[in-house]
There are 2 protein chains.
Amino acid sequence: MSIQTRRERERAERERLIVTAARELAEAEGWDAVTTRRLAAEIEYSQPVLYSHFKGKGAIMAAVAVEGCAELAAELRAARPAARDTRAALRAVGKAYTAFARRRPALYDAIFTHAVDLPFATPEAPAALWDAFNELAAAVKPVAAEGDDPGLLTETYWASLHGLVTLMRSGRLPEGAHERRLELLIGHFAVGAD
Amino acid sequence: MSIQTRRERERAERERLIVTAARELAEAEGWDAVTTRRLAAEIEYSQPVLYSHFKGKGAIMAAVAVEGCAELAAELRAARPAARDTRAALRAVGKAYTAFARRRPALYDAIFTHAVDLPFATPEAPAALWDAFNELAAAVKPVAAEGDDPGLLTETYWASLHGLVTLMRSGRLPEGAHERRLELLIGHFAVGAD
DNA sequence: TAGATTGTCTAGCGGTGCTAGAATCCGGAG
DNA sequence: CTCCGGATTCTAGCACCGCTAGACAATCTA
């Protein structure tokens, strides 16, 4: 049993090595630079080793996405309780969310733009994803009017943040006015609450 | 002069042929299917011909994007005047925008997610892009509170629509609830106006 | 120590965007 | 009508991609 467990441990360690290397490479040079050859060289193994751990490049990105999502959830969680009223809570998570996207663009892309083979919006979705969503939901819930589905409202607020982030990061919205756009968004979502 | 003009005309025709073929191929099978080889075969010329017209694949996508943007602008323009009040106008352009994205996903991606080498949010941006933006702006302007920059508010509404569309199309938001999310968004943007 | 099993690597497939240089076509001069 | 020069188009190839079959090496079992 000892040998088997040692092998499994070594395998798990190497798997983490792969995910970490992919993440660092992506954060340093973008996902375009993360090729299977480059990644293999980085971990000092040959290409096929990657495929003995993951089904393909997409699966590696998905693993990075889950890891990154935990980080996002943690940052949202840290930001929310500091707010005193509901508007401040909306602002806090909004700022934390967009700040994460700007500070860790590769991570954000892995979670929310690239890797499609992650289950979303179902119970099978990764726990980290639900954690992040629930942080948003906790901030959004107080502004839900009677008859509004809080979950749907959270999705809507999330989508708005996502739109701001992606359009800005792709150069379609000027970065300079980001704070003001975010404030406008919050203003329209927080109306009726105080 | 006659020969020269004929050649220029033929060149222009072929350029349109390229853009049209790229667009049709993308709409039929997605942008992944639009390779330079495939596109060359489609127009019955060799690959290098593409590069005598466009700097690269990105430039071809940009040309398709501009063309598609004119279509989007036309659909937004057609939708707006039918609305009687400001909330209905917001709803009309919102529905038209998201309907376009769902009906012509390849076109939408060319305009708003892929091709980055198009100038946005500057006077140099393609006229069709400004047309589309101005249609949105016309619907948004009436809901701008005193002190709100109508342009920024339009950008924010646009970003929200974009977020809804992209998250839905990538499978991160369930499609079924789209209409309700859109209604929630409109409700929060149209508040105070009627 | 011999054999079986597990793991890893080398080499290669079919594909991508893009380009240098050869081949071809065509209008205009003699 | 012929032949030349320049513009145009094609063939062939580069370096890279994700991915994999099959040869090889290392390790454990008996």
Side-chain angles (χ1 to χ4, degrees), chain A residues 1-19 21-23 25-26 28-65 106 109-110 114-118, chain B residues 1-19 21-23 25-26 29-65 106 109-110 113-118:
Chain A
M1 200 210 203
S2 167
I3 286 173
Q4 198 64 13
T5 56
R6 189 210 64 197
R7 286 202 164 155
E8 283 173 11
R9 190 181 61 239
E10 286 174 354
R11 243 191 100 74
E13 280 171 8
R14 199 172 55 179
E15 191 155 319
R16 278 215 54 80
L17 184 65
I18 293 172
V19 175
R23 174 191 166 144
L25 193 49
E29 308 183 31
W31 281 107
D32 282 351
V34 184
T35 70
T36 56
R37 282 169 180 81
R38 181 84 183 274
L39 192 50
E42 211 76 36
I43 63 169
E44 295 178 314
Y45 281 93
S46 66
Q47 275 179 286
V49 167
L50 301 174
Y51 293 87
S52 74
H53 286 270
F54 298 95
K55 191 183 163 196
K57 186 183 172 179
I60 298 176
M61 290 182 64
V64 173
D109 283 342
H114 289 333
V116 192
D117 47 357
L118 268 181
Chain B
M1 204 215 199
S2 168
I3 287 174
Q4 198 63 17
T5 57
R6 191 210 61 196
R7 286 204 163 153
E8 284 174 10
R9 189 181 62 236
E10 285 174 355
R11 241 190 102 75
E13 279 170 10
R14 199 172 54 179
E15 191 154 319
R16 279 213 55 79
L17 184 66
I18 293 172
V19 175
R23 174 191 167 145
L25 194 48
E29 308 184 32
W31 280 107
D32 283 351
V34 184
T35 70
T36 56
R37 281 170 182 79
R38 182 85 185 272
L39 193 49
E42 210 77 37
I43 63 169
E44 297 178 311
Y45 281 93
S46 66
Q47 276 180 285
V49 167
L50 301 175
Y51 293 88
S52 74
H53 286 270
F54 298 95
K55 192 184 164 194
K57 186 183 172 178
I60 297 177
M61 291 182 64
V64 173
D109 282 343
T113 45
H114 289 332
V116 192
D117 45 359
L118 269 180

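Convention: sequence-line order gives letters A, B, ...; per-chain numbering from 1.
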Query raised in the report: Do A:V19 and A:F54 have side-chain heavy atoms sitting under 4.5 Å apart?
Result: yes
Query - Residue-phosphate contact under 4.0 Å: B:T36 side-chain N/O, C:dC18 OP1/OP2 - result: no
Query raised in the report: To the nearest angstrom, how far is B:E10 atom CD from D:dT8 atom P?
Result: 11 Å
Report task. Please report the shortest heavy-atom distance between A:Q47 and A:A40, naming the atom on each side. Result -> N-CB, 3.6 Å
**Report entry** Any donor-acceptor N/O pair under 3.5 Å between C:dC18 base and B:Q47 side chain
**Finding:** yes
Report summary line: Here the residues of residues 48-58 of chain B within 4.0 Å heavy-atom distance, strictly under, of DNA chain C are B:P48, B:Y51, B:G56, B:K57
Requested in this report: May I ask you to test the A:T36-A:Y51 pair for a side-chain heavy-atom distance under 4.5 Å?
Outcome: yes
Report summary line: Shortest non-hydrogen pair, B:A22 vs B:I60, comes out as CB-CG2, 3.7 Å
Report task. Check whether any side-chain heavy atom of A:W31 sits under 4.5 Å from a side-chain heavy atom of A:V64, and report yes or no. Result -> yes
Query raised in the report: Nearest-Å distance, CG (A:L39) to P (D:dC17)?
Result: 12 Å
Query raised in the report: Could you walk me through whether B:V34 and B:M61 pass the side chain to side chain contact (heavy atoms under 4.5 Å, CB included) check?
Result: CA-CA 10 Å; B:V34 184; B:M61 291 182 64; over 6 Å; no
Query raised in the report: Does A:R14 put a side-chain nitrogen or oxygen below 4.0 Å from OP1 or OP2 of C:dT8?
Result: yes
Report summary line: Whole-Å distance, A:I43 CD1 to C:dG7 P, equals 16 Å
Query raised in the report: Given atom CZ of A:R38 and atom C1' of D:dG18, what is their separation to the nearest angstrom?
Result: 16 Å
**Report entry** B:S46, nearest nucleotide to its side chain (from D:dT9, C:dC18, C:dG12)
**Finding:** D:dT9
Report summary line: Scanning both residues in full, the closest heavy-atom pair of A:L118 with A:A65 reads CD1-CB, 3.9 Å
Requested in this report: Could you work out which one of C:dG17, D:dC17, C:dT8 sits closest to the side chain of A:Y45?
Outcome: C:dT8
Requested in this report: Identify which nucleotide among C:dC9, C:dG12, D:dC14 has an atom closest to any side-chain atom of B:R37, counting heavy atoms from C-beta outward.
Outcome: D:dC14
Query - Length of the CD-P vector between A:E15 and C:dT8, whole Å - result: 13 Å
